[in-house]
Colleague: 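I'd like to ask you about the structure that follows.
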Protein chains: 2
Amino acid sequence: MSNQDTRTRLLETALELIWQSNYNSVGVNEICKQAGVTKGGFYHHFESKASLFCEASEYYWNSVKRDLDTLLSPVNTPLEQLENLINFIFITKFGQDADDVPGCPFFSAGSQAGCGEEAVNESLLNMSKNGVKYNLALVRSLYAAGYLEGDVDAERVARLMNQYIQGAVSFARVNRCMETIKRDVPEGLYRILGLKREYWFKTAATWPPACEKAATA
Amino acid sequence: MSNQDTRTRLLETALELIWQSNYNSVGVNEICKQAGVTKGGFYHHFESKASLFCEASEYYWNSVKRDLDTLLSPVNTPLEQLENLINFIFITKFGQDADDVPGCPFFSAGSQAGCGEEAVNESLLNMSKNGVKYNLALVRSLYAAGYLEGDVDAERVARLMNQYIQGAVSFARVNRCMETIKRDVPEGLYRILGLKREYWFKTAATWPPACEKAATA
DNA sequence: TGACCTACATACCGACCGGTATGTATTATC
DNA sequence: GATAATACATACCGGTCGGTATGTAGGTCA
């Protein structure tokens, strides 16, 4: 197994475990055990638990970014982009039992705020800002195409979307129930966007492609 | 100092500390030190850290409930009730520095989900459900009075409000910035409710009373 | 006055935490 | 084939965690 493999396994294992609970309650030992790496190996690759988290954030964001670039690609109509984004929220990056609640560990990670480590908070903040940027582009597309009611302060609405999505995922975790928010999130976003009623629930998602959907099922 | 005083001080101290960070990273020792109680005292009153949290949840919810009953009282118009609720979100129960981010430790506590303790999660779930109940009543009042656009699935909208508020508080914590969400939350809730535009930002809050506001300033 | 109970205080426990020092097998370089 | 750097593995550290065992001061009641 190569150098990069071990690094990557540590990163992905950390993401998985932190996603399942949270930064504070996932220990270095647990990460190592799950990844099949010893502590020496861990600290060979990362100088601290916090720095692992920061690198994992970047690693994760790059993956999310690729997905977002695809599903918000201009080849899709703004409405399709919106539906794609909604579906994306429910896609868990890590294979889980059906009753596990997904949501990305970092979009939903305001959760972890106040963990004490400044660098960790910084990473979360960055992630949040990046997410809002994508929302902003989507809001502008939808507005330009005339799908939204009334005037729109695009920056604000982009933030509102981010805030709502975070809350929805958090809600799902507390309630340990995906079904509810699967029904709630579309309407929540429609309402926040002020999407004209005639466009509610009108578009089939183009993403993920059917093949990929089948593969993860 | 009486028996009940000590109990209460432990409960309130725990709430304050957990609110400032989170369940996992607040230790029993820290709570004891801050409350001026020894560990023997702590475990005389509570059988575990988790059970303290559960009792603190109840204690806190009772306080919130009293406030909500006041600010959502039928003596206020539905619009006033809404504005009161919005302001309530920004009221910190614990005196803090201006740059500290408020938000109640439990409304915003999906945050803490996955801490491992089942009883803790149960408490959070309960709190969330109770909060939704109040939202539900408000949604129905607003709808009955004709303030809302289109059709409304009241239960769903009540949940959406809960989800959004959670997310907004979480957003504020990650961004360590109150100002943004103070401007965002009203519009966020207006949009989720589908409040007709002509009623946006139109009502002065009746709560908290001016005297109380001055006292906490 | 002595037995008893409540409400703590003090001292301490094993487990586990993040992190480190040091040893070793493997690989690249010359 | 010698040298050196890489990529770990093992053993261990001090500190902190939630929790407990035991002591004790002060009030209650017979």
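No hydrogens, no waters, no symmetry mates; every other heavy atom, side chains included, goes into these values. Every chain is numbered from 1 and lettered A, B, ... according to where its sequence line falls, protein lines coming before strand lines.
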Colleague: Roughly how many Å is it from CZ in B:R7 to P in C:dT6, rounded to a whole number?
Modeller: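 It is 15 Å, rounded to the nearest whole Å.
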Colleague: Respond yes when some side-chain nitrogen or oxygen of A:H44 is under 4.0 Å from OP1 or OP2 of D:dA7, and no when none is.
Modeller: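 So the side chain of A:H44 is within the cut-off, an N or O lying under 4.0 Å from OP1 or OP2 of D:dA7.
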Colleague: Within less than 4.0 Å of OP1 or OP2 of C:dC8, is there a side-chain N or O belonging to B:T6?
Modeller: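 Checking B:T6 against C:dC8: at least one side-chain N or O falls below 4.0 Å of OP1 or OP2.
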Colleague: Test of understanding: with side-chain contact (heavy atoms from CB on, under 4.5 Å), list the residues that count as partners of B:D153, not counting sequence neighbours.
Modeller: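 Scan of B:D153 (side-chain contact (heavy atoms from CB on, under 4.5 Å), adjacent residues dropped) gives B:E155, B:R156.
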Colleague: Does B:F53 offer a backbone N or O that forms a donor-acceptor pair with the side chain of B:S57 under 3.5 Å?
Modeller: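 Such a contact is found between B:S57 side chain and B:F53 backbone.
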Colleague: Applying side-chain contact (heavy atoms from CB on, under 4.5 Å), name anything that partners B:D69, two or more places apart in sequence or on another chain.
Modeller: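 With neighbours one apart ignored, the set is B:K65, B:Y134.
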Colleague: Quick one: does any side-chain atom of B:N22 pair with a main-chain N or O of B:N24 as donor and acceptor, under 3.5 Å?
Modeller: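 Here the side-chain-to-backbone pair exists.
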Colleague: Axis-to-axis angle across the helix from C:dT1-D:dA30 to C:dC30-D:dG1, five pairs an end, to 10 degrees?
Modeller: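 The value is 10°.
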Colleague: Are a donor atom and an acceptor atom from the side chains of B:N126 and B:S123 found within less than 3.5 Å of each other?
Modeller: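 There is no such pair between these side chains.
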Colleague: Which whole-number value in Å describes the distance from B:L10 CG to C:dA7 P?
Modeller: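 Going from CG in B:L10 over to P in C:dA7 covers 13 Å.
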Colleague: With respect to the phosphate group of D:dA7, does any side-chain polar atom (N or O) of A:H45 fall under 4.0 Å of OP1 or OP2?
Modeller: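 For D:dA7, neither OP1 nor OP2 has a side-chain N or O of A:H45 closer than 4.0 Å.
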Colleague: Please list all pairs passing the side-chain hydrogen bond (donor to acceptor under 3.5 Å, both in side chains) test where one or both residues lie in residues 31-54 of chain A, with sequence neighbours left out.
Modeller: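 side-chain hydrogen bond (donor to acceptor under 3.5 Å, both in side chains) check on residues 31-54 of chain A returns A:N29-A:K39.
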Colleague: Hey, is the main chain of B:Y59 close enough, under 3.5 Å, to the side chain of B:S63 for a donor-acceptor pair?
Modeller: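 Not at all, since once roles are kept as given, no pair shorter than 3.5 Å links the two residues.
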Colleague: Using a cut-off of 4.0 Å between protein heavy atoms and nucleotide atoms, how would you tag nucleotides 17-29 of chain C 5' to 3' with B, S and -?
Modeller: SBBB---------
Colleague: To the nearest Å, how far apart are B:R9 CZ and C:dA7 P?
Modeller: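 For the pair B:R9 CZ and C:dA7 P, the rounded distance is 15 Å.
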Colleague: With B:F46, which residues qualify under ring-ring contact (aromatic ring centres under 6.0 Å, His included), at least two apart?
Modeller: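 For B:F46 the ring-ring contact (aromatic ring centres under 6.0 Å, His included) partners, ignoring immediate neighbours, are B:F42.
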